[in-house]
*Asks:* 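Here it is: the structure, laid out below.
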Amino acid sequence: MKVPRKRIAQAFGALAALSAFLPWHTTAGAGGVETVAGTSTSAGQIVLVVCLITVGLVQVGWRPAWIGVGFAAAVAIRELFNSDADPAWGLAVAVPACLVAGVLLVWEMFANVSAPEDGPGGGPGGRGLSGPLGRRRR
């Protein structure tokens with residue numbers, strides 16, 4: 001049975017994008033406790049846009065789509081540790097969702113790599129060329 005790693009990664013990427021609409025920071029001021037949504041911060045906007053683009057790239061079948069969620073994870077982790085305010089649960093959802101999506105996409109990328117078969121007619125030939133040039137026999 002084939003594990004749908006790409007679909008699960010898309011779901012986690014969408015979850016990370018949706019977490020930008022949740023509270024990312026809480027600050028205690030003179031007026032009481034104030035929460036700031038992820039869409040109000042530049043880091044939250046970056047996570048939202050990059051995760052949505054990555055979900056689209058996975059749907060198209062672009063293998064290095066893991067770069068997008070890796071970047072979104074880096075932005076969210078930076079926001080988690082670099083903030084003056086206390087992190088809220090929206091940011092705590094974004095970080096693991098991006099990390100899980102990235103791990104699943106890297107796993108999918110390496111799982112689909114197959115070594116060329118040895119012997120006549122199996123895989124690219126000769127000089128490291130692939131495609132029609134590698135299969136040409138002289």
*Asks:* Would you say the side chain of Ile46 lies within less than 4.5 Å of the side chain of Phe71, judging by non-hydrogen atoms?
*Replies:* yes

*Asks:* With clusters defined by side-chain heavy atoms of hydrophobic residues (ILVMFWY) lying less than 4.5 Å apart, directly or transitively, does Val47 cluster with Leu57?
*Replies:*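 Leu57 and Val47: separate clusters.
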
*Asks:* Give a yes or no answer on whether the side chain of Trp66 reaches the backbone of Trp107 with a donor-acceptor pair at less than 3.5 Å.
*Replies:*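 Looks like no, no N/O pair under 3.5 Å.
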
*Asks:* Does Val58 belong to the same Ile/Leu/Val/Met/Phe/Trp/Tyr cluster as Met109, with side-chain heavy atoms less than 4.5 Å apart forming each link?
*Replies:*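 Yes; Met109 is reachable from Val58 via cluster members.
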
*Asks:* Begin with the C-alpha distance, continue with both residues' side-chain angles, and end with the deciding distance and a verdict on side-chain contact (heavy atoms from CB on, under 4.5 Å) for Leu99 and Val103.
*Replies:* CA-CA 6 Å; Leu99 291 175; Val103 166; 5.5 Å; no

*Asks:* As an exercise, state the distance from CD1 of Ile8 to CD of Glu108, rounded to the nearest 0.5 Å.
*Replies:*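 That separation rounds to 10.0 Å.
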
*Asks:* At their closest point, which heavy atom of Pro96 faces which heavy atom of Ala92, and how far apart are they?
*Replies:*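 Shortest heavy-atom separation between Pro96 and Ala92 comes out as CD-O, 2.9 Å.
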
*Asks:* Any idea which heavy atoms bring Ser19 and Ala94 closest together, and the distance?
*Replies:* OG-CB, 3.2 Å

*Asks:* Calculate, to the nearest 0.5 Å, the distance between atoms NZ and CZ belonging to Lys6 and Arg63 respectively.
*Replies:*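 CZ of Arg63 is found 9.0 Å from NZ of Lys6.
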
*Asks:* At their closest point, which heavy atom of Pro23 faces which heavy atom of Ala88, and how far apart are they?
*Replies:*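 Here Pro23 and Ala88 meet closest at O-CB, 3.2 Å.
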
*Asks:* Given side chains that start at C-beta, do those of Thr39 and Phe21 come closer than 4.5 Å, heavy atoms only?
*Replies:* yes

*Asks:* Are Val100 and Leu15 connected into the same hydrophobic cluster when the rule is that any two of I, L, V, M, F, W, Y join if their side-chain heavy atoms are below 4.5 Å apart?
*Replies:* yes

*Asks:* Return the minimal non-hydrogen interatomic distance between Ala72 and Val50, and the atom names on each side.
*Replies:* CB-CG1, 4.2 Å

*Asks:* Hey, any chance Val95 and Val75 share a hydrophobic cluster, counting ILVMFWY side chains that come within less than 4.5 Å of each other, even indirectly?
*Replies:* yes

*Asks:* Could you tell me which non-hydrogen atom of Ala9 sits nearest to which non-hydrogen atom of Ala101, and how far apart they are?
*Replies:* O-CB, 3.6 Å

*Asks:* Do the non-hydrogen side-chain atoms of Gln10 and Arg5 ever get within less than 4.5 Å of each other?
*Replies:* no

*Asks:* Considering only heavy atoms from C-beta outward, does the side chain of Leu48 approach that of Leu52 to under 4.5 Å?
*Replies:* yes

*Asks:* Which distance, rounded to the nearest 0.5 Å, do you find between the OG1 of Thr35 and the CG of Leu22?
*Replies:*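 Thr35 atom OG1 to Leu22 atom CG measures 10.5 Å (nearest 0.5 Å).
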
*Asks:* Taking a hydrophobic cluster as the set of Ile, Leu, Val, Met, Phe, Trp and Tyr residues connected by side-chain heavy atoms closer than 4.5 Å, whether directly or through intermediates, do Val106 and Val60 fall within one such cluster?
*Replies:*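 Different hydrophobic clusters.
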
*Asks:* Going from CD1 on Ile67 to CH2 on Trp62, what distance comes out if it is rounded to the nearest 0.5 angstrom?
*Replies:*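 So the gap between those two atoms works out to 5.0 Å.
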
